[in-house]
Peer 1: 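The structure under discussion is supplied below as structure tokens; questions concerning it will follow.
Atoms considered below: every heavy atom in the structure, side chains included; atoms not considered: hydrogens, waters and symmetry mates. All chains are named by letter (A, B, ...) in the order of the sequence lines, taking the proteins before the strands, and each is independently numbered beginning at 1.
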Amino acid sequence: MKKFERLHTNLLGIEMNAPVLTASGTFGFGEEFADFVDLSLLGGVMVKGTTLKPRRGNEGVRITETAGGAGMLNCIGLENPGVDIFLSETLPRIEKHGMNVIVNISGSTVEEYGILAQKLDVPGVAALELNVSCPNVKEGGIVFGTDPAAAADVVKEAKAHTSKPVIIKLSPNVTDIVQMAKAVEAAGADAISLINTLMGMEIDIERRRPVLGNITGGLSGPCVKPVALRMVYQVSRAVNVPIIGMGGISCWQDAVQFFLAGADAIAVGTANFADPAVTMKICEGLDKYLESHGLKNIAELVDGLEE
Amino acid sequence: MTLHDRQKNLTEIVAGNTGLPAKVDVVAQVMSQTRLSADVCKLVLQAPSIALRSQPGQFVQVGLQQGGTLLRRPLGLAEVDNRQGNISLIYRIVGKGTDALSNLREGAVVKVLGPLGHGFSKETQKPLLVGGGMGLSPLLYCAKWLSAHNIKVDVLMGGRTAEELFWQRLFATCTDNIYLTTDDGSLGLKGFVTDLLPQILTKSDYDKVMVCGPEIMMKNVYKVCREKIVPCEVSLERRMGCGLGACLSCSIDTLSGRRKVCKDGPVFPAEEVFF
């Protein structure tokens with residue numbers, strides 16, 4: 001038994017020291033934060049989005065802060081070395097940290113999700129997270145993320161090619177998040193991550209140009225938390241699969257709200273940039289909250305909203 | 001430990017739980033804040049554990065406890081005083097983050113993550129530093145470090161006007177020769193640093209040129225160095241999110257593929273990044 005005994009969780013058959021993960025794209029491959037976080041204390045690290053072929057990402061400005069420091073827009077564009085380099089170089093290198101590695105994958109066709117799932121069906125990978133909602137790539141992503149039938153196809157294809165648990169990360173850029181969640185659950189998704197970023201933009205009024213190189217980007221940070229919380233609340237009442245809640249979580253109090261709304265685990269994203277040790281502080285805060293409320297395990301908090 | 005706890009405790013708190021991390025996240029107290037020109041400030045922070053680990057050319061990510069910013073701001077280390085445990089940051093007020101930073105007064109606290117990235121290589125016996133504008137900030141630390149190690153340093157600095165070259169007095173105590181150029185001719189040679197550089201490189205046998213400034217200036221300095229066959233190192237600037245190599249905001253093309261300015265740089269051999 002390690003630290004935070006009250007936080008021990010088994011999710012999808014994965015033993016987690018705490019149901020506190022890090023969101024893909026905000027935590028690299030985990031190793032970048034090893035000076036600040038004991039990576040083995042996390043529930044898992046959802047590593048940088050991986051594609052079949054290497055991607056160089058978008059040109060120009062890729063990150064900008066939004067008004068009042070409420071959020072951040074990014075349009076990195078899935079820059080990554082490709083799945084083969086991930087398997088041959090990255091995965092062997094990060095194994096020593098003793099963390100659950102959850103690989104976030106993006107395909108530009110349904111078939112690519114199957115190929116990626118098969119390639120990643122190896123020891124050292126705890127689970128897959130399907131990225132069907134990256135707002136910053138032109139092909140694929142956004143279509144799979146906004147069409148229930150297409151999202152279901154992606155889940156089926158991935159499930160057919162791996163023995164690992166398959167999590168699907170849904171886009172908030174839809175009219176009916178519950179319809180999307182029901183479709184991917186019916187297709188066999190083992191869990192749902194909620195939410196990816198909200199599509200947005202900023203304009204430089206002196207230059208009269210978009211601030212971001214890709215014109216639009218994904219909005220994250222504290223300003224999106226109420227949207228994410230609402231979607232976790234709605235979806236948890238409509239599906240039975242576990243939910244990993246994410247979107248603007250910056251402190252343990254935010255995390256408690258997500259568990260109460262029905263999340264089985266949470267992931268921290270943009271807040272890692274402001275404070276590289278924020279996940280550890282969230283674990284400590286959650287542990288103290290449980291103790292002070294007389295709860296023995298975090299599972300007792302899940303869906304604990306009084307209505 | 002929460003941020004709130006940190007605010008109460010003005011002594012440094014080293015984050016993380018490893019034995020001796022290469023970089024730390026600390027709460028640092030403002031020792032002084034002074035104006036060097038109309039829009040340039042010098043902030044001195046008490047941060048002994050960062051000072052202890054720092055190398056010339058490295059930077060820190062500064063986070064405000066209040067003031068409406070989410071992301072930290074990357075700032076080059078301009079001076080490091082290990083005796084006092086202080087670090088100095090010299091920055092131009094360019095947006096809301098640096099504006100908020102400039103309002104901090106003695107006794108206030110900021111979060112400082114660092115030291116980050118790779119600095120200048122120290123394998124030099126006769127270096128020439130070439131800087132333009134705020135690029136002179138990391139070069140100041142470089143000059144002070146070299147000078148403290150008994151290596152004579154010359155510096156070539158360029159600015160738009162004489163007012164911008166307040167740097168001259170900051171470099172005076174740690175350099176041998178200072179060459180100056182201004183766009184308007186109000187101080188030194190009228191023109192760019194690259195107008196003066198060829199004759200400086202011909203006159204003396206420098207074994208390294210270290211450059212920081214606007215990218216076009218660094219490219220042109222590198223061109224001259226290539227002709228004169230003098231090794232050249234450049235310090236790049238990019239928008240950053242995390243400063244740790246995770247967010248990929250600052251990815252660039254190099255001869256050896258994609259690299260991150262925050263982690264693999266900010267200092268690169270010029271031929272690696274200008275090709």
Peer 1: Could you grab the distance from atom CZ of A:Phe273 to atom CD of B:Gln61, nearest 0.5 Å is fine?
Peer 2: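 It comes to 10.5 Å.
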Peer 1: Just how far is it from atom OG1 of A:Thr66 to atom CG of B:Leu70, taken to the nearest 0.5 Å?
Peer 2: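 Going from OG1 on A:Thr66 over to CG on B:Leu70, the span is 7.5 Å.
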Peer 1: With a 6.0 Å cut-off (strictly less than), is the heavy-atom count around CD1 of A:Ile215, excluding the residue itself, greater than 12?
Peer 2: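 Open: at most 12 neighbouring heavy atoms sit under 6.0 Å from CD1 of A:Ile215.
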Peer 1: How long is the straight-line distance from CD1 of A:Ile76 back to OG of B:Ser249, given to the nearest 0.5 Å?
Peer 2: 5.5 Å
Peer 1: Just checking heavy atoms, which of residues 266-275 of chain B are less than 4.5 Å from chain A?
Peer 2: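 Interface residues of residues 266-275 of chain B: none, nothing closer than 4.5 Å to chain A.
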Peer 1: Calculate, to the nearest 0.5 Å, the distance between atoms CG and CG belonging to B:Leu248 and A:Asn58 respectively.
Peer 2: 11.5 Å
Peer 1: Of all the residues in residues 19-30 of chain A, which have a heavy atom that comes within less than 4.5 Å of a heavy atom in chain B?
Peer 2: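 Listed by number: A:Gly25, A:Thr26, A:Phe27, A:Gly28.
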Peer 1: Could you please spell out the steps behind the side-chain contact (heavy atoms from CB on, under 4.5 Å) verdict for A:Asp275 and B:Asp25?
Peer 2: CA-CA 8 Å; A:Asp275 179 358; B:Asp25 187 17; 3.7 Å; yes
Peer 1: Side chain, backbone, both or neither: which part of A:Ala271 has an atom under 4.5 Å from a heavy atom of chain B?
Peer 2: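 Neither part.
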Peer 1: Does atom NE2 of B:His118 have more than 12 heavy-atom neighbours, drawn from other residues, nucleotides or ligands, at distances under 6.0 Å?
Peer 2: no
Peer 1: Measure the spacing between CZ of A:Phe33 and CG of B:Leu244 and express it to the nearest 0.5 Å.
Peer 2: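 It comes to 5.0 Å.
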Peer 1: Only pairs of heavy atoms separated by less than 4.5 Å count here; which of B:Gly63, B:Gly257, B:Ser251 has the most with chain A?
Peer 2: B:Ser251
Peer 1: Measure the shortest side-chain to side-chain distance between B:Cys247 and A:Asn74 over non-hydrogen atoms and say whether it is less than 4.5 angstrom.
Peer 2: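 Side-chain contact under 4.5 Å: no.
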Peer 1: What do the steps show when you test A:Glu65 against B:Arg72 for salt bridge (Lys or Arg N to Asp or Glu O under 4.0 Å), and what is the final call?
Peer 2: CA-CA 10 Å; A:Glu65 196 174 85; B:Arg72 299 188 184 214; over 6 Å; no
Peer 1: For residues 218-229 of chain A, dump all side-chain donor-acceptor pairs below 3.5 Å to protein atoms at least two apart in sequence or in another chain.
Peer 2:
residue, atom, partner, partner atom, Å
A:Ser220, OG, A:Thr270, OG1, 2.7
A:Lys225, NZ, A:Asp254, OD1, 3.4
A:Lys225, NZ, A:Gln257, OE1, 3.4

Peer 1: Just so I know, are the side chains of B:Cys242 and A:Asn272 near enough to count as touching, which here means a heavy-atom distance under 4.5 Å?
Peer 2: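 No, too far: nothing below the 4.5 Å cut-off.
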Peer 1: Taking all non-hydrogen atoms of both residues into account, name the closest pair between A:Arg56 and B:Asp253 and its distance.
Peer 2: NH2-OD2, 2.7 Å
Peer 1: Do B:Arg258 and A:Glu79 sit within salt-bridge range, that is, some charged N less than 4.0 Å from a carboxylate O?
Peer 2: yes
Peer 1: Can you confirm whether more than 12 heavy atoms, excluding those of B:Arg105, are under 6.0 Å from its CZ atom?
Peer 2: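 Counting neighbours around CZ of B:Arg105, more than 12 heavy atoms of other residues, nucleotides or ligands fall under 6.0 Å, so yes.
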Peer 1: Please, which pairs that meet side chain to side chain donor-acceptor pair (under 3.5 Å) have at least one residue in residues 232-243 of chain B, sequence neighbours excluded?
Peer 2: A:Thr64-B:Arg239, B:Ser121-B:Glu233, B:Glu215-B:Arg238
Peer 1: Which heavy atom of B:Leu113 sits nearest to which heavy atom of A:Phe36, and what is that distance?
Peer 2: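 So the two residues come closest at CD1-CZ, 3.2 Å.
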Peer 1: Above 12 or not: heavy atoms from other molecules or residues under 6.0 Å from CZ of B:Arg160?
Peer 2: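 Count not over threshold, so no.
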